Amino acid sequence: MYYIGVDLGTSAVKLLLMEGSGRIANVVSREYPLYFPHPGWSEQNPGDWYEQTIAGIRELLTGFDGTQVAGISFGGQMHGLVILDSQDQVIRPAILWNDGRTAEENDYLNNVIGKEKLSAYTANISFTGFTASKLLWVKNHEPENFSRIEKIMLPKDYLAYKLTGVHCTDVSDASGMLLFDVKNRCWSEEMCRICSVKKEQLARIYESYEAVGTVLPELARKLGLSDHVKVAAGAGDNAAAAVGTGTVGEGMCNISLGTSGTIFISSEKFGVDKNNALHAFAHADGHYHLMGCMLSAASCNKWWMDDIVGTKDYGKEQADIAKLGENHVYFLPYLMGERSPHNDPDARGTFIGMTMDTTRADMTQAVLEGVAFALRDSFEVAKSLGIHIERTKICGGGAKSPLWKKIIANVMNIKVDVIESEEGPGLGGAMLAAVACGEYASVEEAAQKLVKVVDTVEPDAELAAKYEARYQQFQRIYPTVKSLFPQIK
């Protein structure tokens with residue numbers, strides 16, 4: 001049998017066809033627009049997601065027997081606000097995870113309601129990207145739209161609804177809404193009251209590997225599928241990527257170098273960072289995880305290469321980088337503000353340390369190192385909690401760069417395991433579908449049998465020591481310039 005994993009990203013939907021054995025039979029990608037109607041805003045049309053997903057499934061199954069597809073599931077961009085009216089029509093464009101318009105609402109939640117209450121209710125504090133602050137923004141700025149809301153959804157859950165007719169979500173994605181009681185895996189009545197939300201406006205909650213329904217009969221016929229294809233709830237992109245890299249169980253770690261960047265630490269037990277610098281979320285394997293998330297990771301390199309340097313040949317630009325650990329140029333990778341651990345929507349990308357002999361290669365190196373240093377900021381928080389990590393998996397578009405993997409291994413001073421497939425959320429989605437269909441008894445079993453490590457990047461003691469000194473300098477830059485950011489909007 002086949003299983004389809006749908007990775008609903010920010011720039012494109014990527015679809016993966018997996019055999020029950022774990023072999024990837026086909027992968028396709030379909031792009032859609034991203035809109036920035038005001039500085040710091042970020043929106044998409046949910047209809048674009050659906051249209052490209054359906055077109056992508058047709059393309060994915062070309063040359064394959066669609067009746068052999070047993071299940072479909074998702075890894076999806078988190079936190080986005082999709083609101084539907086009484087006719088299940090989208091009310092306004094989706095407000096995305098990297099949207100920064102909710103500074104006032106974010107301050108209200110953290111400083112008026114209070115971080116202690118938020119943490120007690122949800123295990124997290126508010127960040128501008130979280131769904132609750134977006135809801136409050138719609139209430140404050142678009143009251144007519146707010147009054148029409150019948151259903152509140154997350155991006156991948158809109159796809160699940162369109163496929164099955166079921167309003168659903170999963171525990172990992174719901175964790176990032178600030179409406180969800182993570183410890184008890186249920187909606188928070190207190191947060192619903194604070195955000196003027198009725199529980200019936202929220203979707204039914206499932207574990208990520210549970211089936212929510214089957215593909216609607218008419219749609220199944222159009223796609224060449226059987227009439228009993230199960231759709232599993234799926235997971236937020238980072239939890240799905242963790243499944244796809246085998247980051248399940250106690251103390252496992254995964255670094256994702258996608259549009260955003262994350263360090264993801266799985267745990268069998270619920271736990272909260274007392275300063276809430278890391279997110280405490282439910283995991284797709286039925287347990288929990290801690291996660292540090294930076295808003296701009298591989299997107300920093302894409303911006304630098306595409307828009308500033310003006311090239312698509314990333315490898316050629318990196319080929320000139322030779323002296324690791326000796327760069328005097330630093331880059332703060334805060335192009336969309338920053339989440340973990342600073343929670344500062346005003347933060348901006350910053351180069352510092354250039355001199356007359358600074359080269360283009362130095363600047364490119366600074367971008368790669370800046371992302372690695374910012375990921376280490378969250379890694380340091382995890383270490384302060386007594387979490388000991390010796391190695392990590394890695395995934396995402398940035399993980400295709402051997403140089404970037406080497407930089408991360410030495411900046412973190414840990415081993416970086418490279419897996420056979422770098423498909424991350426798409427593979428995780430397919431694996432969740434396989435569990436929902438009974439191909440595997442659990443997420444853990446699927447991970448053990450399907451995920452294979454093919455290479456390990458080891459840190460070099462001398463280079464790690466050089467990067468330790470550079471990181472200590474990097475750490476001092478943001479606190480020094482923080483007060484400038486609100487003044488240069």
Side-chain angles (χ1 to χ4, degrees), residues 42 76-83 94-141 146 149 151-157 169-199 201-205 235-239 260 262 270-283 288-295 337-345:
S42 181
Q77 52 167 295
M78 297 179 68
H79 315 303
L81 176 63
V82 181
I83 48 178
I95 305 176
L96 301 190
W97 59 273
N98 57 353
D99 187 284
R101 77 185 68 184
T102 63
E104 291 183 8
E105 290 75 17
N106 190 58
D107 287 344
Y108 167 76
L109 288 169
N110 282 331
N111 300 323
V112 177
I113 300 302
K115 293 180 180 179
E116 287 188 8
K117 285 185 178 179
L118 298 182
S119 186
Y121 298 155
T122 72
N124 295 278
I125 61 173
S126 181
F127 291 79
T128 52
F130 280 11
T131 319
S133 58
K134 295 181 175 74
L135 273 168
L136 289 177
W137 185 91
V138 174
K139 179 185 176 184
N140 293 338
H141 296 271
F146 190 81
I149 296 175
K151 284 296 177 190
I152 297 163
M153 310 195 77
L154 294 161
K156 75 170 190 345
D157 302 329
T169 192
D170 84 286
V171 293
S172 71
D173 217 356
S175 296
M177 295 179 76
L178 205 71
L179 296 168
F180 188 68
D181 178 345
V182 172
K183 182 178 182 179
N184 296 302
R185 298 169 106 84
C186 64
W187 296 120
S188 165
E189 294 184 6
E190 295 88 351
M191 289 307 301
C192 286
R193 209 160 37 240
I194 289 166
C195 295
S196 302
V197 169
K198 300 173 184 174
K199 287 181 78 172
Q201 292 175 302
L202 296 168
R204 181 178 171 185
I205 301 163
D237 51 6
N238 291 297
S260 61
T262 59
F270 172 77
V272 179
D273 157 31
K274 66 179 181 179
N275 295 315
N276 296 108
L278 300 180
H279 307 323
F281 288 170
H283 193 3
Y288 299 92
H289 71 271
L290 291 172
M291 183 173 71
C293 178
M294 55 185 296
L295 295 180
E338 188 54 299
R339 191 185 291 178
S340 303
H342 302 310
N343 194 12
D344 184 357

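Positions are given from 1 along the sequence. This one's a predicted model, so the numbers in the text were calculated from it and none came from an experiment.
Annotation: H279 is in aromatic contact with F127 [ring centroid separation under 6.0 Å].
Counting only heavy atoms from C-beta outward, the side chains of M177 and M191 never approach each other to under 4.5 Å. Counting only heavy atoms from C-beta outward, the side chains of F146 and N140 never approach each other to under 4.5 Å. Between I149 and L135 there is a side-chain heavy-atom pair separated by less than 4.5 Å.
Taking the six-membered ring where the residue is Trp, H141 and W137 present parallel rings, their angle staying beneath 30° rather than reaching 60°. Between F130 and F281, the ring planes are tilted. Angles from 30° to 60° get that label.
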List the steps and the verdict of side-chain contact (heavy atoms from CB on, under 4.5 Å) for T131 and M78.
CA-CA 9 Å; T131 319; M78 297 179 68; over 6 Å; no

Could you please spell out the steps behind the side-chain contact (heavy atoms from CB on, under 4.5 Å) verdict for L118 and I113?
CA-CA 7 Å; L118 298 182; I113 300 302; 3.9 Å; yes

V272 vs V182, test: side-chain contact (heavy atoms from CB on, under 4.5 Å). Steps then yes/no.
CA-CA 10 Å; V272 179; V182 172; over 6 Å; no

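Considering CZ of F180 and OG of S188, their distance stands at 10.5 Å, rounded to 0.5 Å. Rounding to the nearest 0.5 Å places CG of L202 at 9.5 Å from OG1 of T169. E338 contributes atom CD, which lies 10.0 Å from atom OG1 of T128 (distance to the nearest 0.5 angstrom). Between the CG atom of L290 and the CG atom of L278 there is a distance of 6.0 Å, given to the nearest 0.5 Å. With rounding to the nearest 0.5 Å, the separation of CD in Q201 from SG in C195 is 11.0 Å. The NZ atom of K151 sits 14.0 Å away from atom CD1 of I83, with the distance rounded to the nearest 0.5 Å.
For R185, the salt bridge (Lys or Arg N to Asp or Glu O under 4.0 Å) partners at least two apart in sequence or on another chain are E207. Under the rule for a side chain to side chain contact (heavy atoms under 4.5 Å, CB included), the partners of D170 that lie at least two apart in sequence or sit in another chain are K156, S172, D173, S208, A233, A235. With sequence neighbours left out, S260 forms a side-chain hydrogen bond (donor to acceptor under 3.5 Å, both in side chains) with no residue at all.
At distances below 3.5 Å, at least one donor-acceptor pair connects side-chain atoms of W187 with backbone N or O atoms of A203.
Shown here for S340 and A277, the closest heavy-atom pair between the two residues is OG-O, 3.4 Å. The two residues L136 and I194 have their closest heavy-atom pair at CD2-O, 4.1 Å.
Judged as a salt bridge (charged side-chain N to carboxylate O under 4.0 Å, His left out), the pairs with a partner in residues 186-197 (not counting sequence neighbours) are, in order, E189-K199. Applying the side-chain hydrogen bond (donor to acceptor under 3.5 Å, both in side chains) rule to pairs touching residues 114-126 yields N106-S126, S119-N276, sequence neighbours excluded. For the salt bridge (charged side-chain N to carboxylate O under 4.0 Å, His left out) condition, the pairs that include at least one residue of residues 96-113, sequence neighbours left out, are E43-R101, D99-R101.
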